[in-house]
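The structure appears right after this line, and notes come after that.
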Amino acid sequence: MYYALLLLSGISIFPFWSELTLLSSSLNSNELAATSVFSDQNIPNKAKSEETIRIGIPQGQKAGDRWSFQADQIEYVFRWCPPGSFLMGSPETEEGRYENEILHEVGLSKGFWILETEVTQKMFQSVMKQNPSRFQNPQNPVECVSWEMCNSFAKSLTQLLTQTLSLASGEEFALPTEAQWEYACRAGTQTSFAGELEEMAWFNEDSDSGSTHEVALKKPNPWGIYDMHGNVWEWCADGFRDFNDQKEIDPKGPDSPTLSVRIDRGGCWDSSSDYCRSAHRGVYEPKRQSPFVGFRIILIPGNN
């Protein structure tokens, strides 16, 4: 018998520990125990009598807000990406640019939580009971995972935590769309990278002697998200679509199960800097398993 503890507090749960009403719910043997905590340092202090526990998935208040939960004693930390618009693609003057990166405005109508690191081998092993990675280390990103394997992980995690996190109908972990990925990567920036590449990314290593690295060792982007540039390429949900200069709302590429390629983004540990640009668009066969490719997940709150 396991028990789940779900907590939400404006600043920190610990100063009010003795005054919170703790919720416990029994879990089936195939569920993971989890503790959920949301924190926004900019929420004004409230009187202790007003502190409440919310159940389910909260919305963030501002870009970069942090939401976390523990499952199987592993911490999953997410950062909030609010609804908004941005310029997707790259200007014609950007160094290393490809013609398929036509600059255009994109609006995202729903905010979403994105895992602040790539899915680690420890996370993948906990849920899928296997670790296919070439570069074995629990804190390194999982790699040698096909697009199908990444979707299976997201679906399995949803099933395991639906009761524990009180997920509402339609709330499920998933791969980000290409537009969601670039929005989170840019984090409000419009330059080639979301900061100084050397400070943020593992890249340009020798393909024979290089390897992946533990997540979150480099600097994050302005929204607190690590390794969006380099370390491993990251699978996206959609297939390749042609850009044009027209504004789009919640765009998504083709999603047929018979697609020959899916989008991957961000570059990896042996990529040149051009491939690590926020706008660079990679494609990969969805069944292929490579030590260069991993993934991260998102979750869209149902009350969004």
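Bear in mind the structure is a predicted one, so any value in this text is a computation, not a measurement. Just so you know, residue 1 is the first one in the sequence shown, and it goes up from there.
- Applying the side-chain hydrogen bond (donor to acceptor under 3.5 Å, both in side chains) test to E92 and every residue at least two apart in sequence or in another chain returns nothing.
- When atom types are taken as modelled, the side chain of Q289 and the backbone of C144 share a donor-acceptor pair closer than 3.5 angstrom.
- Side-chain contact between V142 and S133: present, with at least one pair of heavy atoms (C-beta onward) separated by less than 4.5 Å.
- The aromatic rings of W233 and Y275 sit tilted, their planes meeting at an angle between 30° and 60°.
- There is a path of hydrophobic side-chain contacts, each under 4.5 Å, that joins M123 to F135.
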- Task: Mind running ring-ring contact (aromatic ring centres under 6.0 Å, His included) on W269 and F203 for me, showing each step along the way?
- Result: CA-CA 4 Å; W269 52 271; F203 72 106; over 10 Å; no
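- Between the side chain of R281 and the backbone N or O of N100 there is at least one donor-acceptor pair closer than 3.5 Å.
- Tested against N140, the residues T120, V232, T212, V215 include a single side chain to side chain contact (heavy atoms under 4.5 Å, CB included) partner, T212.
- Grouping the Ile, Leu, Val, Met, Phe, Trp and Tyr side chains by contacts below 4.5 angstrom, directly or via other members, places L167 with Y76.
- Remark: the D250 side chain and the S109 side chain contain an N/O donor-acceptor pair separated by less than 3.5 Å.
- A salt bridge is absent between K122 and D72; no separation between the charged side-chain nitrogens and carboxylate oxygens falls under 4.0 Å.
- Side chains of F69 and L161 form a contact here, defined as non-hydrogen atoms less than 4.5 Å apart.
- Checked against ring-ring contact (aromatic ring centres under 6.0 Å, His included), F112 has no partners two or more places apart in sequence or in another chain.
- Taken from SG in C236 to CZ in R296, the straight-line distance is 10.5 Å, to the nearest 0.5 Å.
- Checked for salt-bridge contact, K287 and E148 meet the test: a charged N lies under 4.0 Å from a carboxylate O.
- For the pair R265 and E234, the salt-bridge criterion is not met [side-chain N within less than 4.0 Å of a carboxylate O].
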- Task: Give the C-alpha distance, both sets of side-chain angles, the deciding distance and a yes or no for side-chain contact (heavy atoms from CB on, under 4.5 Å) between R66 and V77.
- Result: CA-CA 7 Å; R66 185 182 192 271; V77 179; 3.4 Å; yes
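- The aromatic rings of W223 and Y183 lie perpendicular to each other, with more than 60° between the two planes, well past the 30° mark.
- By the rule that hydrophobic residues join a cluster once side-chain heavy atoms approach within less than 4.5 Å of another member, L165 and I300 end up as members of separate clusters.
- L175 is not connected to I298 by any chain of hydrophobic side-chain contacts under 4.5 Å among Ile, Leu, Val, Met, Phe, Trp and Tyr, and they are in different clusters.
- A side-chain donor-acceptor contact under 3.5 Å links D238 to the backbone of E178.
- N151 places a side-chain N or O within 3.5 Å of a backbone atom of W147 that can act as its donor or acceptor partner.
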- Item | side-chain contact (heavy atoms from CB on, under 4.5 Å) between S278 and H229, intermediate numbers included | CA-CA 7 Å; S278 300; H229 303 295; 3.3 Å; yes
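- Side-chain contact between E182 and T177: absent, with no pair of heavy atoms (C-beta onward) separated by less than 4.5 Å.
- Remark: E172 does not engage K155 in a salt bridge, criterion side-chain N to carboxylate O under 4.0 Å.
- Remark: side-chain polar atoms of R277 are paired, donor with acceptor, to backbone N or O of G96 under 3.5 angstrom.
- Using a 4.5 Å cut-off between side-chain heavy atoms of Ile, Leu, Val, Met, Phe, Trp and Tyr, with links allowed through other members, W181 and Y284 fall into different hydrophobic clusters.
- Under the 4.5 Å side-chain criterion, counting only non-hydrogen atoms from C-beta, P254 is in contact with L259.
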- Trace of the side-chain hydrogen bond (donor to acceptor under 3.5 Å, both in side chains) decision for H104 with E248: CA-CA 8 Å; H104 62 293; E248 298 180 293; 3.0 Å; yes
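- A salt bridge does not link K218 with E118: none of the charged nitrogens is closer than 4.0 Å to a carboxylate oxygen.
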- Check the pair L299 / W67 against side-chain contact (heavy atoms from CB on, under 4.5 Å), numbers first and verdict last. CA-CA 11 Å; L299 181 66; W67 171 61; 3.7 Å; yes
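- Listed for the T158 side chain is a donor-acceptor partner under 3.5 Å among the backbone atoms of F173.
- Atom CH2 in W235 sits 9.0 Å away from atom CZ in R288 (nearest 0.5 Å).
- Sparse packing is recorded around CD of E99, with 12 or fewer heavy atoms of other residues, nucleotides or ligands lying under 6.0 Å away.
- Distance alone, capped at 3.5 Å, is enough to place a donor-acceptor pair between the Q121 side chain and the N137 backbone.
- Looking at heavy atoms from C-beta onward, F124 lies out of side-chain contact with N131 at the 4.5 angstrom threshold.
- Under a 3.5 Å cut-off, the side chain of T191 and the backbone N or O of F193 do form a donor-acceptor pair.
- Put simply, the side chain of C268 reaches to within 4.5 Å of the side chain of D270, judged on heavy atoms.
- In this structure, S156 contributes its side chain and F153 its backbone to no donor-acceptor pair below 3.5 Å.
- Using a 4.5 Å cut-off on side-chain heavy atoms (C-beta onward), W113 and D65 make contact.
- Proximity of a side-chain donor or acceptor of N231 to a complementary backbone N or O of H213 within less than 3.5 Å is detected.
- Put simply, CD on E101 and CZ on F243 are 8.0 Å apart, with the number rounded to the nearest 0.5 Å.
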